[in-house]
Amino acid sequence: MPELPEVETIVRDLNRLVEGATIERVEVERPDLIRGDADAFARAIRGRTIDRISRRAKNIVVALGDDRLVINLGMTGNLLALGPDAPSLSHEGIRFHLDGGRRMVYRDIRRFGRLEVLSDNQWETRQQQLGVEPLSDEFTGELLHRLTRTSRVAIKTWLMDQRRVVGVGNIYASEALFRAGIDPRRRANSLSRPRAQRLREAIQAVLGEAIDFRGTTLLDYRDASGEEGAFAGRLRVYDRAGQPCPVCGTPIRRIVQGGRSTFFCPRCQR
DNA sequence: AACGCGCCCTGTCCGC
DNA sequence: TGCGGACAGGGCGCGT
């Protein structure tokens with residue numbers, strides 16, 4: 001489900017809704033959601049205060065003193081801040097009971113998501129394996145061009161690899177390549193410098209606009225208050241096979257790359 | 001090292 | 001109305 005804009009929206013919500021809250025009790029309904037030992041997980045979190053919430057790649061990082069609660073939402077994960085009177089939901093996996101009767105609930109239909117607690121040192125080591133943040137100043141056309149030099153995989157598949165550039169998943173990879181006019185089947189190492197520059201601009205534009213619209217809800221995505229994102233209506237090619245390209249009217253094509261659907265305009269993207 | 005594939009799991013939708 | 005198959009925002013571990 002969630003790519004960078006969706007995770008960023010949830011993180012901003014949570015800083016408004018639960019920063020400073022104390023986690024009084026943890027209920028683990030689905031131990032398979034936790035990486036490592038579920039009892040140790042609950043013990044590490046109980047009684048801690050939520051200092052602040054941040055995002056790295058598609059991970060939600062909750063600072064609890066010197067520890068980090070790291071949450072990856074997989075395909076269908078939601079992280080919800082609920083009031084005392086909110087009814088319980090289906091597929092609740094982990095419940096964090098906060099002070100004042102509020103709760104933060106992790107729910108996940110397919111259970112591809114994972115939660116774990118790491119020391120700040122462990123998290124620092126882990127996050128170094130992740131690629132560059134696409135909305136940072138560090139992410140330039142020059143850097144993108146350099147990073148693509150060593151890979152022969154299709155640029156669309158390349159964009160989704162979190163070891164190079166983070167945060168771009170199946171939806172925004174197709175959308176960014178459409179905006180940049182680049183054929184998703186093109187090999188990563190075939191991008192010219194100007195094309196890399198255009199792709200960098202397209203990635204930043206689409207991610208920024210999607211954040212402004214609070215993310216894309218196809219089916220399962222919800223923000224921390226349980227509301228849908230509004231960007232789905234602004235997607236130009238994703239899930240639009242057979243519909244006319246918004247620029248030239250040519251029917252949008254669907255192909256499969258690395259087992260995932262890719263959508264593109266065969267005329268606009270070269 | 002880089003790459004491609006299968007797998008984890010539940011729900012929805014479509015064709016027959 | 002029922003049933004089987006395809007497909008769905010991600011990531012990991014395997015073999016080559």
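Predicted model, so just to flag it, every value in this text is computed and none were measured. Order of the sequence lines fixes the chain letters, A, B, ..., with proteins taken first and strands second; residue numbering starts at 1 for each chain.
Side-chain proximity of A:R152 to the nucleotides B:dC3, C:dA8, C:dG10 is greatest for B:dC3.
Nearest-nucleotide assignment on DNA chain B puts the 5′-proximal partner with A:R164, out of A:F112 and A:R164. Position along DNA chain B of the nearest nucleotide to A:L219 versus A:W158 favours A:W158 as the more 5'-ward residue.
Between A:M75 atom CE and B:dT12 atom P there is a gap of 16 Å when expressed in whole angstrom units. We find that CZ of A:R107 is positioned 14 Å from P of B:dT10, with the value rounded to whole Å. One can place CZ of A:R114 at 12 Å from P of B:dC8, the figure rounded to the nearest angstrom. Whole-Å rounding puts the A:L130 CG to C:dG10 P distance at 14 Å. One atom, CD1 of A:I255, and another, P of C:dC7, lie 14 Å apart when rounded to the nearest Å. When the P atom of B:dT12 is taken as reference, atom OH of A:Y221 falls 20 Å away, rounded to whole Å. The nearest whole Å value for the distance from the CG atom in A:N59 to the C1' atom in C:dC12 is 13 Å. Per the geometry, CD1 belonging to A:I171 stands 14 Å off C1' belonging to C:dC7, to the nearest Å.
Counting distance only, with no hydrogens placed and no angle test, the side-chain atoms of A:R110 and the base atoms of C:dA8 include a donor-acceptor pair under 3.5 Å. Scanning atom types as modelled, no donor and acceptor separated by under 3.5 angstrom connect the side chain of A:R111 and the base of B:dC9.
At a threshold of 4.0 angstrom between heavy atoms, the contacts of A:I109 are confined to the sugar-phosphate backbone, with no base atom among them. Within 4.0 Å of A:S261, counting heavy atoms only, lie sugar-phosphate atoms of the nucleic acid but no base atom. Residue A:N72 is in sugar-phosphate contact alone, with no base atom involved, counting any heavy-atom pair closer than 4.0 Å across all strands shown. Within 4.0 Å (heavy atoms only), A:R260 reaches at least one base atom of the nucleic acid. At a threshold of 4.0 angstrom between heavy atoms, the contacts of A:Y238 are confined to the sugar-phosphate backbone, with no base atom among them.
A donor atom on one side chain and an acceptor atom on the other are found under 3.5 Å apart for A:D108 and A:T76. Judged purely by distance below 3.5 Å, without hydrogens or angles, the side chains of A:Q127 and A:E124 pair a donor atom with an acceptor atom. Residues A:Y172 and A:E6 bring a donor and an acceptor atom of their side chains to less than 3.5 Å of each other. For the 3.5 Å distance criterion, the side chains of A:T262 and A:Q257 qualify, holding a donor opposite an acceptor. With hydrogens and angles left out, the side-chain atoms of A:R193 and A:Q197 include no donor and acceptor closer than 3.5 Å. A donor atom on one side chain and an acceptor atom on the other are found under 3.5 Å apart for A:R254 and A:S261.
Atom name P, nucleotides C:dT1 and B:dG11: the rounded distance is 22 Å, in whole Å. Only the P atoms considered, C:dA6 is 13 Å distant from B:dG6, to the nearest whole Å. Comparing the same atom, P, in B:dC7 and in C:dG5 gives a spacing of 16 Å after rounding to whole Å.
Of the nucleotides present, B:dG6 is the one that pairs with C:dC12 by Watson-Crick or G-U wobble criteria, both distances under 3.5 Å.
Under 4.0 angstrom from either OP1 or OP2 of B:dG11 there lies at least one side-chain N or O belonging to A:H91. Between A:S151 and the phosphate of B:dC3, there is a side-chain N or O to OP1/OP2 separation shorter than 4.0 Å.
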